[in-house]
*Asks:* 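If you scroll down you'll find the structure; I have some questions about it.
Quick note: numbers below take in every heavy atom, side chains included, and nothing from hydrogens, waters or symmetry partners. One-based numbering, in listed order, for ligands and for the atoms of each.
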Amino acid sequence: MKLLVPVKRVIDYNVKPRVKADGTGVDLANVKMSMNPFDEIAVEEALRLKEKGVATEVIAVSIGPAKAQETLRTALAMGADRAILIESDAEVEPLGVAKLLAKVAAEEAPGMVILGKQAIDDDSNQTGQMLAALLGWGQGTFASKVEVSGDAVAVTREVDGGLETVSLKLPAIVTTDLRLNEPRYASLPNIMKAKSKPLAQKKPEDYGVDITPRLTTLKVEEPPKRSAGIKVADVDELVAKLKALGVAA
Ligand code: AMP
């Protein structure tokens with residue numbers, strides 16, 4: 001069984017995003033970019049399934065600018081077998097991404113597509129669900145455990161106040177939550193090896209997909225600045241202040 005793992009190049013999670021002065025978006029000039037953290041978890045899960053003998057090939061795919069090749073090389077260095085870049089300098093919204101992934105899935109016929117539950121730049125949490133709908137496949141979102149047996153996969157999901165386990169017939173869509181696994185670091189020899197692994201370069205037009213945006217961003221704003229805290233001398237002063245605020249009886 002092949003596994004398809006979509007990985008997005010996003011602003012690194014350690015970077016504090018700066019809003020552009022004209023409020024049209026986030027300034028990406030000279031900002032460190034990395035693989036979306038939930039996608040690292042997806043790559044790790046796919047590799048573990050391959051190591052268990054459940055999967056035979058792990059294919060990473062990214063839609064983004066030419067530099068998204070670096071993200072794909074990271075996936076290859078972690079252990080993915082090959083990669084596909086669908087190059088677009090324009091930002092592609094989740095529906096466009098899902099339509100492209102549906103075409104790749106039709107071509108590659110994977111047993112599962114394992115995506116992140118959300119990209120930390122747009123926080124959409126839409127792509128996996130849209131892809132499942134476009135393909136007519138079952139979906140197990142927010143996975144904290146994935147177990148394949150025969151032609152089905154049991155996905156344990158993190159839901160409010162507990163865990164839910166669903167069984168899906170393969171092929172299926174899985175989206176990863178934070179507690180699914182801890183992604184490995186790529187070793188130096190594997191980073192070197194990744195340079196010669198196959199990376200196919202495509203364009204959205206090759207798949208006949210219209211990626212015209214459906215949304216218009218009206219305004220992007222910084223969150224309001226938090227006012228500074230104060231130090232209190234002792235518990236009595238703290239309680240007095242809380243009472244004055246009406247938070248303590
Ligand atoms: P989103 O719906 O934008 O929050 O993204 C959810 C997941 O879809 C991500 O964690 C990725 O696995 C996948 N995804 C979204 N955008 C892209 C992209 N441009 N290239 C590859 N994968 C993507």
*Asks:* Examine the proximity of ligand 1 to Asn125 and report which part, side chain or backbone, both or neither, has a heavy atom under 4.0 Å away.
*Replies:*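 Just the backbone.
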*Asks:* Which of these, Thr127, Thr141, Val7, has its nearest heavy atom closest to atom 8 (O) of ligand 1?
*Replies:*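 Residue with the shortest heavy-atom distance to the ligand atom: Thr127.
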*Asks:* Going by side-chain hydrogen bond (donor to acceptor under 3.5 Å, both in side chains), Thr141 matches just one of Arg157, Lys117, Glu158. Which one?
*Replies:*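 Filter result, single survivor: Arg157.
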*Asks:* Would you sort out whether Ile63 and Glu87 count as a side chain to side chain contact (heavy atoms under 4.5 Å, CB included), showing the intermediate values?
*Replies:* CA-CA 6 Å; Ile63 295 122; Glu87 197 178 326; over 6 Å; no
*Asks:* What's the shortest distance from atom 16 (N) of ligand 1 to any protein heavy atom, and which residue and atom give it?
*Replies:*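 Going by distance alone, atom 16 (N) of ligand 1 is nearest to Lys8 CD, 3.4 Å.
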*Asks:* Does ligand 1 have any atom sitting under 4.0 Å from a heavy atom of Leu101?
*Replies:*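 For ligand 1, residue contact (heavy atoms, under 4.0 Å) with Leu101 is absent.
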*Asks:* Applying side chain to side chain contact (heavy atoms under 4.5 Å, CB included), run through Val54 and Met1 and close with a yes or a no.
*Replies:* CA-CA 7 Å; Val54 172; Met1 159 163 88; 3.7 Å; yes
*Asks:* Return the minimal non-hydrogen interatomic distance between Ala194 and Ala77, and the atom names on each side.
*Replies:*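 That closest heavy-atom pairing would be CB-N, 3.5 Å.
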*Asks:* Could you tell me whether Thr175 approaches ligand 1 through its side chain, its backbone, both or neither, with non-hydrogen atoms closer than 4.0 Å?
*Replies:*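 Neither part.
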*Asks:* Tell me whether Lys20 is salt-bridged to Asp27, with the criterion being a basic N under 4.0 Å from an acidic carboxylate O.
*Replies:*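 Judged by the 4.0 Å cut-off on N to carboxylate O distance, Lys20 and Asp27 do not form a salt bridge.
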*Asks:* Have a look at ligand 1 and work out which part of Ile63, if any, has a heavy atom under 4.0 Å from it: side chain, backbone, both or neither.
*Replies:*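 It is both parts that get close, each with some atom under 4.0 Å.
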*Asks:* Consider every N or O of Asp122 and every N or O of ligand 1, then say whether any pair is closer than 3.5 Å.
*Replies:*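 Right, the criterion is met.
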*Asks:* Would you mind checking which non-hydrogen protein atom is closest to atom 9 (C) of ligand 1, with the distance to 0.1 Å?
*Replies:*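 Looking only at protein heavy atoms, the one closest to atom 9 (C) of ligand 1 is Asp39 OD1, 3.4 Å.
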*Asks:* Please determine which of Asp39, Thr127, Asp121 meets the side-chain hydrogen bond (donor to acceptor under 3.5 Å, both in side chains) test together with Lys8.
*Replies:*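 Result for side-chain hydrogen bond (donor to acceptor under 3.5 Å, both in side chains) with Lys8: Asp121.
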*Asks:* Any side-chain to backbone donor/acceptor pair from Thr176 onto Phe38? Under 3.5 Å, distance only.
*Replies:*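 Indeed, once roles are kept as given, a pair shorter than 3.5 Å links the two residues.
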*Asks:* Does any N or O atom in Asp123 lie less than 3.5 angstrom from one in ligand 1, N or O only?
*Replies:*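 By distance alone, the answer is no.
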*Asks:* Do we see a donor-acceptor contact under 3.5 Å between the side chains of Gln126 and Asp122?
*Replies:*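 No, no side-chain donor-acceptor contact under 3.5 Å.
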*Asks:* Using a 4.0 Å cut-off to any heavy atom of Val61, which atoms of ligand 1 qualify?
*Replies:*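 Listed by number with element, the hits are 21 (C).
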*Asks:* Can you check side chain to side chain contact (heavy atoms under 4.5 Å, CB included) on Asn36 and Val7, steps first, answer last?
*Replies:* CA-CA 7 Å; Asn36 182 45; Val7 294; over 6 Å; no
*Asks:* Which heavy atom of the protein is the closest neighbour of atom 22 (N) of ligand 1, given with residue, atom name and distance?
*Replies:*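 Looking at atom 22 (N) of ligand 1, the protein heavy atom closest to it is Pro6 CB, 3.4 Å.
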*Asks:* Below 4.0 Å from ligand 1: does a non-hydrogen atom of Val92 turn up there or not?
*Replies:*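 No; Val92 lies far enough from ligand 1 that no heavy-atom distance drops under 4.0 Å.
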*Asks:* Please name the residue in the list Ile173, Leu115, Leu135 that meets the side chain to side chain contact (heavy atoms under 4.5 Å, CB included) test with Leu101.
*Replies:*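 Result: among Ile173, Leu115, Leu135, Leu115 is the only option passing the side chain to side chain contact (heavy atoms under 4.5 Å, CB included) with Leu101.
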*Asks:* Could you tell me whether Ala119 and ligand 1 have an N or O pair separated by under 3.5 Å?
*Replies:*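 Between Ala119 and ligand 1 (N or O atoms, distance only) the closest approach is under 3.5 Å.
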*Asks:* Nearest protein heavy-atom contact for atom 14 (N) of ligand 1: which residue, which atom, what distance?
*Replies:*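 Of the protein heavy atoms, Val97 CG1, 4.1 Å lies nearest.
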*Asks:* Would you kindly specify which portion of Leu115 sits under 4.0 Å from ligand 1, judged on non-hydrogen atoms: side chain, backbone, both or neither?
*Replies:*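 Both the backbone and the side chain of Leu115 come within reach of ligand 1.
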*Asks:* If I apply the N/O under 3.5 Å rule, does Gly116 come out as touching ligand 1?
*Replies:*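 Looking only at distances, the answer is yes, because the N/O contact criterion of under 3.5 Å is met.
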